[in-house]
Protein chains: 2
Amino acid sequence: MTTQGFVWLVGAGPGDPELLTRKAARVLGDADLVLYDALVVPEALALAPHAQRFRVGKRAGRASVRQETIERLMVQAARRGKRVVRLKCGDPFVLGRGGEEGLALAAAGVPFEVVPGVTSAVAAPALAGIPVTHRGLASGFLVVSGHAESAYGPVLTSLPPQAVTVVVLMGLASRAAIADLLLRRGWPRTTPAAVVLGAATDATHTWLGTLESLAAAPLPGDSDAPGTLVLGPVVSLAAVLAPASSAEPAPAAAARW
Amino acid sequence: MTTQGFVWLVGAGPGDPELLTRKAARVLGDADLVLYDALVVPEALALAPHAQRFRVGKRAGRASVRQETIERLMVQAARRGKRVVRLKCGDPFVLGRGGEEGLALAAAGVPFEVVPGVTSAVAAPALAGIPVTHRGLASGFLVVSGHAESAYGPVLTSLPPQAVTVVVLMGLASRAAIADLLLRRGWPRTTPAAVVLGAATDATHTWLGTLESLAAAPLPGDSDAPGTLVLGPVVSLAAVLAPASSAEPAPAAAARW
């Protein structure tokens with residue numbers, strides 16, 4: 001009897017291993033092989049104790065393993081009857097090539113399933129105290145990649161100033177170009193702007209300023225770090241909604257002792 | 001000694017109780033009081049066995065409990081030292097008034113934390129086989145509410161045709177108006193369009209068609225059902241990426257017997 005393999009395309013969420021879904025944890029716990037992105041944290045991998053684990057992801061556009069190789073590894077393992085988890089940062093279908101991987105699996109006749117994750121596009125702002133929508137400030141939001149001007153340019157130049165919250169993933173390197181573009185489009189110079197670095201990790205850092213000061217924002221260290229830009233009036237709410245340094249309380253059991 | 005209460009604003013994800021995060025499950029397990037939206041499923045509430053549970057959410061714009069009442073209940077319970085979970089569909093900061101609730105808590109001096117969830121804006125398309133972004137088809141996506149033309153109109157009329165994937169939450173009732181608006185803006189009549197009903201539930205149903213046929217889409221039953229519109233070339237991928245009727249395999253333990 002041949003055992004049929006299976007592939008799960010799983011979102012690992014924005015960084016905090018507690019922000020994986022319960023389903024992600026279950027399929028990891030049951031996996032034979034995990035192929036994971038560079039920024040997936042060790043605590044998430046620890047949820048797959050029985051699996052071989054290979055880091056295959058890219059970082060800041062530099063391939064560690066070619067996309068075709070990732071797809072071939074998934075297909076080959078599934079054909080050998082393995083239970084494969086492709087663990088991707090954030091959500092697998094938000095700027096993550098999850099669609100391409102799904103097409104490759106379908107073309108190879110390998111059964112697969114997508115397990116949506118918490119996307120950094122919403123969670124990075126949220127964890128910095130910024131709701132992407134808020135009554136009276138923004139009734140929608142736009143998510144684009146900062147990787148190529150050819151991609152974000154036509155959209156951002158057409159959008160009426162402050163019509164929706166703009167979230168730019170992988171936007172650190174292009175922050176000056178994007179600020180310039182929006183200012184020329186007529187966005188107010190004082191439009192609140194944020195840069196969220198390392199969301200949902202211990203090393204998280206949020207810069208808060210305006211569209212005018214964004215280009216010169218003094219950002220720490222590694223420009224390869226995943227950075228999320230958030231642009232629009234909702235950013236002003238961070239002044240009130242940003243988490244206090246006081247963390248959540250101890251578990252109830254302890255508190256009741 | 002006074003015990004300090006605490007409020008967690010928690011995203012319950014798109015419907016499937018396995019798509020709650022591990023953190024959502026933990027804080028529910030430890031909660032004294034859960035105030036939950038109408039569409040939160042019973043299996044999610046079962047994660048809070050020690051808590052009093054009150055349904056407070058709205059459905060299709062009709063309030064069951066007034067927003068001020070929800071906020072007062074949270075504040076009062078926290079002041080009595082309770083561990084309160086405000087459990088909201090999807091992500092608390094995506095069209096969910098989570099920001100307003102956070103502001104009310106901050107104004108009352110109640111400590112709170114946001115626990116991001118899997119947003120239906122990404123997961124409803126994904127579970128129907130539609131990646132909101134895909135190389136060569138869409139490098140970004142726009143999320144708007146279909147609730148009021150005054151909100152989505154200015155954005156959708158400015159967007160170049162097919163520039164990004166458009167996701168409309170609560171969009172069922174406005175699907176004809178939105179299709180008309182985009183067609184007048186110059187979107188091709190053959191632009192692939194989808195309506196996802198009851199995403200991540202057993203009753204899920206996806207309609208696939210075009211922008212031209214969207215207005216007349218024969219949609220089943222309850223127009224109050226949460227419906228997500230997805231508009232753009234990425235919708236064509238559902239033909240290949242939509243889940244097969246064959247479900248995921250049995251757990252490894254069983255398969256290995």
Side-chain angles (χ1 to χ4, degrees), chain A residues 3-4 6 13 16 18-23 25-26 30 83 91 93-95 97-100 102-103 106 111 113-114 116-119 122-123 125-127 131-135 139-145 151-152 154-155 158-160 163-164 237 240-241 243-244 246 248-249 251-252 255, chain B residues 3-4 6 13-14 16 18-23 25-26 30 83 91 93-95 97-100 102-103 106 111 113-114 116-119 122-123 126-127 131-135 139-145 151-152 154-155 158-160 163-164 237 240-241 243-244 246 248-249 251-252 255:
Chain A
T3 310
Q4 171 75 294
F6 199 91
D16 180 348
E18 275 210 289
L19 291 180
L20 269 80
T21 64
R22 300 168 71 218
K23 183 163 185 172
R26 174 172 64 78
D30 216 26
R83 307 167 69 86
D91 178 273
F93 276 175
V94 174
L95 300 172
R97 307 192 75 162
E100 289 170 68
L103 291 180
E113 187 182 33
V114 174
V118 173
T119 175
V122 171
L127 294 169
V132 287
T133 69
H134 190 83
R135 194 168 282 236
S139 60
F141 62 103
L142 171 75
V143 178
V144 293
S145 159
Y152 64 73
V155 189
S158 68
L159 205 65
V164 291
L237 297 173
V240 180
L241 296 179
S246 62
E248 63 181 273
Chain B
T3 309
Q4 170 75 294
F6 199 91
D16 180 347
E18 276 210 288
L19 292 180
L20 268 80
T21 64
R22 301 169 69 217
K23 184 164 185 173
R26 173 171 64 79
D30 216 27
R83 308 167 69 86
D91 178 273
F93 276 174
V94 173
L95 300 172
R97 306 191 75 161
E100 289 170 65
L103 291 179
E113 186 181 34
V114 174
V118 173
T119 175
V122 171
L127 294 169
V132 288
T133 69
H134 190 82
R135 193 167 283 235
S139 59
F141 62 103
L142 171 75
V143 178
V144 292
S145 160
Y152 65 73
V155 188
S158 68
L159 205 65
V164 292
L237 297 174
V240 181
L241 296 178
S246 61
E248 63 180 273

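- Although no hydrogens or angles enter the test, the distance criterion places a donor-acceptor pair under 3.5 Å between the side chain of T133(A) and the main chain of F93(B).
- At a threshold of 4.5 Å between non-hydrogen side-chain atoms, the residues L19(A) and P116(B) count as touching.
- Remark: L159(B) CG to L159(A) CG distance equals 7.5 Å, nearest 0.5 Å.
- Annotation: maximal heavy-atom pairing with chain B below 4.5 Å, among V122(A), T119(A), V114(A), occurs at V122(A).
- Under the rule for a side-chain contact (heavy atoms from CB on, under 4.5 Å), the partners of S139(A) that lie at least two apart in sequence or sit in another chain are A151(B).
- For chain A, the option among G13(B), S145(B), P14(B), G117(B) with the highest count of heavy-atom pairs below 4.5 Å is G117(B).
- Ranked by heavy-atom pairs under 4.5 Å with chain A, the list V143(B), V118(B), V164(B) is led by V143(B).
- In terms of heavy-atom pairs under 4.5 Å with chain B, the best-connected choice from D16(A), L127(A), L103(A) is L103(A).
- With sequence neighbours left out, V144(A) forms a side-chain contact (heavy atoms from CB on, under 4.5 Å) with L142(A), Y152(A), V168(A).
- Shown here for R22(B) and A25(A), the closest heavy-atom pair between the two residues is CD-CB, 4.1 Å.
- Interface remark: P160(A) contributes backbone and side-chain atoms alike to the contact with chain B (heavy atom separation under 4.5 Å).
- Contact count against chain B (heavy-atom pairs under 4.5 Å) is highest for A126(A) among A126(A), G102(A), A106(A).
- Atom CD of E100(B) sits about 5.5 Å away from atom CZ of R135(A), to the nearest 0.5 Å.
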